[in-house]
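Counting from 1, the numbers follow the sequence of the chain as shown. None of these values were measured; they are calculated from a predicted model.
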Amino acid sequence: MKYMKQFCIIMGVSFLGEILKYLLPLPVPASIYGLLLMFGALATGILPLKQVEETADFLVAVMPLMFIPAGVGLMVEWEALRGILLPFAVIIAVTTVMVMAVTGRVTQWMIRRDQKRTGRKDAGKE
């Protein structure tokens, strides 16, 4: 029953994201609204982490299964994709490197900010 309650909370926040998508005339997917609402609720303490933690951990653990239909779709449409395979591969490689670089820079910035705030040289090495 605990897991059903946690799952209902997560689905409720997702549903609020769907409502926001309907109400706001912005080109933002409903899932992003839901993620922002969940983040805001968790960050402010409106929703304690304990109320969704176990179900969220389970959903993250089974997330790779959600990519199977997309992989099968790529296999089914292989002939159509064959002609654009090289540009597609280049785009994937370039954007992957960009995401890694931005993530690294943001992480370094956050560690430095934490070091300045706490005055410790070893901040971020826990």
Using 0.5 Å steps for rounding, measure from the OG1 atom of T55 to the OH atom of Y3.
7.0 Å
In sequence, state the C-alpha distance, the side-chain angles, and the governing distance for V28 and K21, and then conclude on side chain to side chain contact (heavy atoms under 4.5 Å, CB included).
CA-CA 7 Å; V28 177; K21 169 68 175 156; 5.8 Å; no
Between W109 and R105, is there a cation-pi geometry (under 6.0 Å to ring centre, at most 45° from the normal)?
no
CZ-OG1 distance between R113 and T118, expressed to the nearest 0.5 angstrom:
11.0 Å
Exercise: identify the closest heavy-atom pair between L65 and P69:
O-CD, 3.7 Å
CG of L37 to OG of S14: how many Å apart, nearest 0.5 Å?
9.0 Å
Between CZ of R112 and OG1 of T107, what distance do you get to the nearest 0.5 Å?
11.0 Å
Could you check whether any side-chain heavy atom of K5 comes within less than 4.5 Å of a side-chain heavy atom of M1, counting everything from C-beta outward?
no
Do M75 and F67 sit in one hydrophobic cluster, given that two such residues count as connected whenever their side-chain heavy atoms are within less than 4.5 Å of each other, even indirectly?
no
Kindly work out whether a path of hydrophobic side-chain contacts (I/L/V/M/F/W/Y, heavy atoms less than 4.5 Å apart) joins M98 to V90.
yes
E79 with R82: basic N within carboxylate O range, under 4.0 Å:
yes
Taking the side chain as every heavy atom from C-beta outward, state whether L42 and M38 have any atom pair closer than 4.5 Å.
yes
Start with the C-alpha distance between T96 and V99, add both sets of side-chain angles, then the distance that settles side chain to side chain contact (heavy atoms under 4.5 Å, CB included), and finish with yes or no.
CA-CA 5 Å; T96 299; V99 167; 5.9 Å; no
Side-chain donor-acceptor pair present, E54, Q6, cut-off under 3.5 Å
yes
Among I19, L16, V13, L20, exactly one meets side chain to side chain contact (heavy atoms under 4.5 Å, CB included) together with Y33. Which residue is that?
L20
Same cluster or not: L47 versus V60, using hydrophobic residues (I, L, V, M, F, W, Y) connected whenever any side-chain heavy atoms lie under 4.5 Å apart?
no
I111 versus D114: any side-chain heavy-atom pair under 4.5 Å?
no
Is there a side-chain contact between L85 and L81 in this structure, where contact means two heavy atoms from C-beta onward sitting under 4.5 Å apart?
no
Single-linkage hydrophobic cluster, 4.5 Å side-chain cutoff, I46 and F39 together:
no
Any chance you could measure M11, atom CE, to E18, atom CD, to the nearest 0.5 Å?
10.0 Å
L26 and L23: same hydrophobic cluster, using ILVMFWY side-chain contacts below 4.5 Å?
yes
Atom CE of residue position M100 - does it have more than 12 heavy atoms of other residues, nucleotides or ligands inside 6.0 Å?
no
Tell me, yes or no, whether the heavy-atom count around M110 atom CE, taken from other residues, nucleotides or ligands under 6.0 Å, exceeds 12.
no
